[in-house]
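In this chain, numbering begins with 1 at the start of the sequence shown.
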Amino acid sequence: MEKQQKLSDVCGNSVPGSGQVKAAIASLLFHCCFNVAGTVTMKLIPFHTGGVSFILAVLLVLHYCHIASILGHKSGGDLIVVENTEHEAVNGEQEEVAVDDVEDDEGDLDVVQPSEQWQTLKPGQAVPQGSHVRLNLQTGEREVRLGEEQLKYWTEEHREEEELRSSFNPDELKRAMKKIKEDWKLASKDTEQKDSVASKFRTMEELKKDMAQLDLLLETDVQIMKRLLEQFNSSNSTTEQRLSILTELEYLVHQVDNAQTLCSMGGLQFILEGLNSSDFRLQESSAFVLGSALASNPAVQVEAVENGALQTLLTTLATAQQLRVKKKVLFAVASLLRHFPYAQRHFLTHGGLQVLSELFRTDDSGVLRTRIVTMLYDMITEKELIFQGGLDPVLDASHDERRRQYSKVSLQEELLEKGWCTLVPQLLESSENDYREKALQALLAMAPVCLDQYRSDGSLQASLHSLKQEYQEMIQSEIILGEENSYFEEIVELIDALQVKMK
């Protein structure tokens with residue numbers, strides 16, 4: 001009633017006539033304006049023009065009440081109709097309405113998206129909170145645009161987006177998109193590859209489960225060798241099984257203790273029996289195991305000589321037909337003779353040099369020749385080192401005994417007698433630089449007993465002269481190319497040293 005009285009007073013200031021008429025108008029305005037779902041406050045320009053003005057005022061009030069009812073029904077919020085203070089309306093015919101809030105669920109309404117420009121608001125459309133709504137009195141349509149705060153924010157955001165958009169080059173964007181696709185494909189491929197690799201292996205949990213189910217039996221090297229020897233000596237073992245056993249033994253006997261343990265178990269006899277086998281594969285594998293066990297192991301060397309290994313090796317070396325067998329047997333012989341003067345003396349007395357001479361003459365490939373010459377060179381130089389002083393006699397208590405034993409080894413005299421002074425120079429005819437180097441070293445080591453034959457051998461002098469020219473040319477070529485030439489210089493130094501001795 002207070003609102004009705006207030007509106008009645010407002011209308012009463014501008015409407016002449018009786019009090020009943022005024023009361024009727026006030027009641028009409030009250031029911032028109034306050035039956036809507038919100039509170040409408042209007043500022044109306046007063047009219048003082050008599051009856052006609054009164055009628056226009058009533059019509060205008062009714063029109064505003066109709067608009068208020070529509071807005072109040074659609075938005076459900078407070079609607080404030082204000083004066084056009086910014087003078088944006090044309091001929092005073094437009095009023096601006098600001099919607100403070102929208103309480104209805106916008107997801108169920110047709111909500112218009114305002115912009116910075118005025119746009120027509122269709123019937124049934126709702127507007128977001130903070131938007132400005134006005135009534136165009138010329139067209140009778142409602143119009144909406146962004147509010148002041150929204151407009152300011154939208155303008156700044158729009159400007160930043162435009163600047164950001166203008167900073168990108170289209171070509172750069174295309175390349176970036178292409179790179180994203182390639183990276184995605186690579187990532188997918190890596191994932192597939194990882195999955196594929198992971199599928200080939202068991203997980204840690206599966207391995208733990210399997211290990212828990214196993215009754216593991218840990219074997220020492222001694223137990224393993226014992227088991228292998230039993231299998232090797234079994235009559236049920238096939239040749240393939242024995243070859244596999246020999247391969248495992250060769251791996252184990254590289255350790256000094258294992259090799260000695262193998263001999264104490266009687267394994268040396270099994271290996272020597274393998275050398276006498278009719279199957280060349282067993283001969284090759286047995287010689288390989290024996291050579292590995294003998295290498296730098298004096299205890300096994302003594303055991304082998306006492307068990308007749310030297311005679312067995314020389315026999316196999318003289319009768320074997322396969323080159324691969326001869327190579328492994330020659331390896332075992334060299335391992336047996338190295339730093340073992342007692343075995344070297346027995347080697348010479350049992351015709352070892354004759355067997356090597358025959359191999360040297362029949363070897364066309366040069367592989368056996370090089371190994372034979374290298375073994376002879378090692379035997380000569382180790383004896384020379386012992387007689388030149390060797391180890392400190394105070395620290396090496398066996399030095400005198402070694403000198404005594406080596407004094408019984410007449411290797412160089414045997415080489416002169418068996419014709420090695422003319423055999424070794426034949427290795428210079430090889431095209432391999434390594435073979436030539438080994439031959440020159442051996443010729444220098446044999447020079448004390450073979451020097452007279454060197455001087456009378458015209459082919460040797462011609463070979464040395466031609467080799468020196470060849471290597472000097474190779475050195476010059478490498479100097480021009482800026483490559484390393486020290487290896488060829490060392491060979492030239494060996495040739496020079498031998499020529500000086502021959503003068």
Side-chain angles (χ1 to χ4, degrees), residues 221-255 258-297 299-338 340 343 346-347 350-360 362-365 367-369 371-372 375:
D221 288 350
V222 175
Q223 293 173 331
I224 293 173
M225 289 189 295
K226 183 177 180 180
R227 174 174 55 81
L228 293 175
L229 289 177
E230 290 176 354
Q231 293 175 359
F232 188 86
N233 194 35
S234 173
S235 59
N236 296 327
S237 298
T238 63
T239 301
E240 298 298 332
Q241 291 175 338
R242 290 180 176 178
L243 290 174
S244 178
I245 291 171
L246 290 173
T247 301
E248 294 187 50
L249 288 175
E250 195 278 329
Y251 172 78
L252 292 170
V253 297
H254 279 280
Q255 294 186 7
N258 287 342
Q260 295 175 1
T261 303
L262 181 68
C263 291
S264 64
M265 290 180 178
L268 188 61
Q269 292 297 329
F270 295 143
I271 296 174
L272 293 178
E273 290 176 4
L275 288 173
N276 294 324
S277 174
S278 58
D279 192 323
F280 74 91
R281 295 177 299 171
L282 287 175
Q283 287 181 317
E284 179 187 8
S285 297
S286 298
F288 194 25
V289 175
L290 181 59
S292 299
L294 291 168
S296 303
N297 200 329
V300 179
Q301 287 177 314
V302 173
E303 186 77 15
V305 170
E306 291 179 351
N307 284 273
L310 182 60
Q311 292 84 347
T312 302
L313 289 172
L314 291 176
T315 301
T316 306
L317 194 62
T319 59
Q321 300 296 323
Q322 299 290 333
L323 177 63
R324 50 195 292 184
V325 175
K326 293 179 180 179
K327 289 167 59 176
K328 290 297 188 293
V329 173
L330 194 59
F331 161 68
V333 172
S335 298
L336 178 61
L337 299 181
R338 187 172 293 112
F340 194 8
H346 278 73
F347 171 77
H350 286 77
L353 284 180
Q354 290 88 334
V355 176
L356 295 181
S357 298
E358 185 63 25
L359 285 178
F360 190 94
T362 58
D363 179 40
D364 297 329
S365 63
V367 176
L368 295 179
R369 286 186 176 187
R371 298 191 179 202
I372 292 170
M375 185 179 67

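- Here CE of Met265 is found 11.5 Å from CZ of Phe270. Values are rounded to the nearest 0.5 Å.
- Distance alone, capped at 3.5 Å, is enough to place a donor-acceptor pair between the Asn307 side chain and the Glu303 backbone.
- For the atom pair OG (Ser286) and CG (Leu243), the distance works out to 8.5 Å, reported to the nearest 0.5 Å.
- The shortest heavy-atom contact between Val305 and Ala343 is CG2-CB, 4.0 Å.
- Taking every heavy atom of both residues into account, Val325 and Ala320 meet most closely at CG1-CB, 3.8 Å.
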Let's go through Ser292 and Phe331 carefully: what are the C-alpha distance in whole Å and the side-chain angles of both, what is the deciding distance for side chain to side chain contact (heavy atoms under 4.5 Å, CB included) to 0.1 Å, and is it a yes or a no?
CA-CA 9 Å; Ser292 299; Phe331 161 68; 4.3 Å; yes
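- Within the model, atoms NZ of Lys327 and CZ of Phe288 stand 11.0 Å from one another, a figure rounded to the nearest 0.5 Å.
- Contact check for Met375 versus Leu356: side-chain heavy atoms found under the 4.5 Å cut-off.
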Could you list the donor-acceptor pairs under 3.5 angstrom formed between side-chain atoms of residues 224-234 and any protein atom two or more places apart in sequence or on another chain?
from: Arg227; atom 1: NE; to: Glu219; atom 2: OE2; distance (Å): 3.3
from: Arg227; atom 1: NH2; to: Glu219; atom 2: OE1; distance (Å): 3.4
from: Ser234; atom 1: OG; to: Asn236; atom 2: N; distance (Å): 3.3

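- Looking only at distances, a side-chain donor or acceptor of Gln241 sits under 3.5 Å from a matching main-chain atom of Thr238.
- For the pair Arg369 (side chain) and Asp363 (backbone), a donor-acceptor distance under 3.5 Å is present.
- For the pair Leu368/Leu323, a side-chain contact is recorded, criterion being any heavy-atom separation below 4.5 Å from C-beta on.
- Counted within 6.0 Å of CZ on Phe280, heavy atoms from surrounding residues, nucleotides or ligands total more than 12; the atom is thus considered enclosed.
- In this structure, Gln301 CD and Ser296 OG are separated by 7.5 Å, a value rounded to the nearest 0.5 Å.
- Annotation: side chain to side chain contact (heavy atoms under 4.5 Å, CB included) contacts of Ala309 (sequence neighbours excluded): Leu272, Ala304.
- Arg281 is listed as a side-chain neighbour of Glu240, based on a closest heavy-atom distance under 4.5 Å.
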ask   = Run the side chain to side chain contact (heavy atoms under 4.5 Å, CB included) check on Leu290 and Leu268 step by step: do they pass?
value = CA-CA 8 Å; Leu290 181 59; Leu268 188 61; 3.5 Å; yes
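- Contact record, Ala295 with Ser335: N-CB, 4.1 Å, taken as the closest heavy-atom pair.
- When all heavy atoms are compared, the tightest approach of Ala332 to Leu294 is O-CD1, 3.8 Å.
- With rounding to the nearest 0.5 angstrom, the CD atom of Glu250 is 10.0 Å from the CD1 atom of Ile271.
- In plain terms, the two heavy atoms of Lys326 and Leu317 that are nearest each other are O-CD1, 3.7 Å.
- For the pair Leu336/Phe347, no side-chain contact is recorded, criterion being any heavy-atom separation below 4.5 Å from C-beta on.
- Shown here for Gln260 and Ala299, the closest heavy-atom pair between the two residues is NE2-CB, 3.6 Å.
- Every residue two or more places apart in sequence or in another chain that forms a side chain to side chain contact (heavy atoms under 4.5 Å, CB included) with Val302 is listed here: Glu306, Phe340.
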Yes or no on side chain to side chain contact (heavy atoms under 4.5 Å, CB included) for Leu252 and Leu262, after CA distance, side-chain angles and deciding distance? CA-CA 9 Å; Leu252 292 170; Leu262 181 68; over 6 Å; no
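- Side-chain N or O atoms of Gln311 include none that pairs as donor or acceptor with a backbone N or O of His350 at under 3.5 Å.
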